[in-house]
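Just so we're on the same page: letters track the sequence lines, and every chain starts at 1. The figures that follow rest on heavy atoms only: side chains count, while hydrogens, waters and symmetry mates do not. On a predicted model such as this, the values are computed, not experimentally measured, just so you know.
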Amino acid sequence: MSMAHEDLESYFKVNFALMQHHKYSLTELENMIPWEREVYLTFLKQYIEEENLKQQQSELNG
Amino acid sequence: MPLPKISTPTYELELPSSGKKIKYRPFLVREEKILIIAMESEDNKQITNAVKEVISNCIISRGIKVDELSTFDIEYLFLNIRGKSVGEEVEVLITCPDDGVTQVPVAINLDDIKVETAENHSRDITLDSNLILRMKYPSMEEFIKNNFSAEELNLDNTFDLISSCIEQVYSEEESWSASDCSKKELREFLENLSSKQFKEIETFFETMPKLTHTVKVLNPNTKVESDIVLEGLNSFFG
């Protein structure tokens with residue numbers, strides 16, 4: 001059954017990462033619509049990838 | 001100080017059984033957690049109760065009792081709520097019927113799934129030249145009781161389910177409401193039906209409205225294309 005879109009393990013892992021590393025509160029996260037949380041997650045991943053790329057480039061240049 | 005109100009978008013749909021318009025909102029992450037926990041329990045009763053709880057929370061219109069809604073109304077409602085909460089597109093793995101082995105992923109848009117009623121379906125069953133039996137659809141409560149209880153489905157349960165779905169018996173002059181009859185009376189009434197009349201009741205249940213969607217699958221190994229009819233909530237989330 002996949003009436004929800006993730007399993008319990010990934011649910012807790014994602015919430016923990018968002019709270020621990022990105023200052024979200026559990027209440028904020030739990031009051032989001034699931035696709036809304038997914039959107040923030042996608043943007044965060046994109047942001048982290050861009051930051052990593054910038055860091056790699058500055059290391060190469062520097 | 002009053003608690004803050006959580007703002008969520010609202011949507012409207014028509015209940016397939018009555019055509020009544022109801023307002024609903026998507027479920028939230030905390031409500032999805034209830035569903036995930038229930039699903040991981042692999043206990044059908046817990047899953048059904050979780051679905052019911054989430055639906056009750058998401059219905060905004062007043063006066064809708066989830067327990068009294070028919071099973072297909074609940075399934076349709078849940079399908080729509082799920083679509084607006086997680087996304088309208090789901091991917092299901094379909095086993096190709098031509099070889100019965102190859103599984104093909106098929107994307108389904110939940111908005112395309114409708115509740116369909118068989119053409120010959122009627123809630124009125126003609127018992128004889130005078131009497132008509134009017135049925136009502138099984139509610140979620142009856143569905144759980146008869147499908148997920150620890151007891152095995154036996155003749156008693158079947159009779160209980162059928163008698164709970166009798167709305168009334170009427171003729172041109174009189175009518176008898178099932179709510180005025182005892183369980184024993186309804187049971188005796190059913191036991192006195194002929195096999196032909198009982199077959200008509202069976203047809204009522206078989207042709208009851210259900211979630212239906214037809215998809216085309218192409219078996220990549222045999223190149224055979226087949227039409228698959230998906231029915232019921234489990235088909236779309238199985």
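A distance of 7.5 Å separates CD in B/E32 from OH in A/Y11, rounded to the nearest 0.5 Å. The line from OG1 of B/T8 to CE of A/M32 is 14.0 Å long, rounded to the nearest 0.5 Å. Taken from CD in B/E31 to CG in A/N31, the straight-line distance is 9.0 Å, to the nearest 0.5 Å. To the nearest 0.5 angstrom, B/I36 atom CD1 is 12.0 Å from A/E9 atom CD. Between the CZ atom of A/F12 and the NZ atom of B/K33 there is a distance of 5.5 Å, given to the nearest 0.5 Å.
A 6.0 Å sphere centred on CD of A/E51 holds more than 12 heavy atoms belonging to other residues, nucleotides or ligands. Within 6.0 Å of the NZ atom in B/K65, the count of heavy atoms belonging to other residues, nucleotides or ligands does not exceed 12. Within 6.0 Å of atom OH in B/Y11, more than 12 heavy atoms from other residues, nucleotides or ligands are found, so the atom counts as buried in its surroundings. Dense packing is recorded around CZ of B/F198, with more than 12 heavy atoms of other residues, nucleotides or ligands lying under 6.0 Å away.
You'll find the side chain of A/D7 reaches within 4.5 Å of the side chain of B/E40, heavy atoms only.
Here the closest heavy-atom approach between residue A/P34 and residue B/L28 is recorded as CD-C, 3.9 Å. Among all heavy-atom pairs drawn from A/I33 and B/K84, the shortest one is CG2-O, 4.1 Å.
The most heavy-atom pairs under 4.5 Å with chain B, out of A/T27, A/L26, A/L29, A/L8, come from A/L8.
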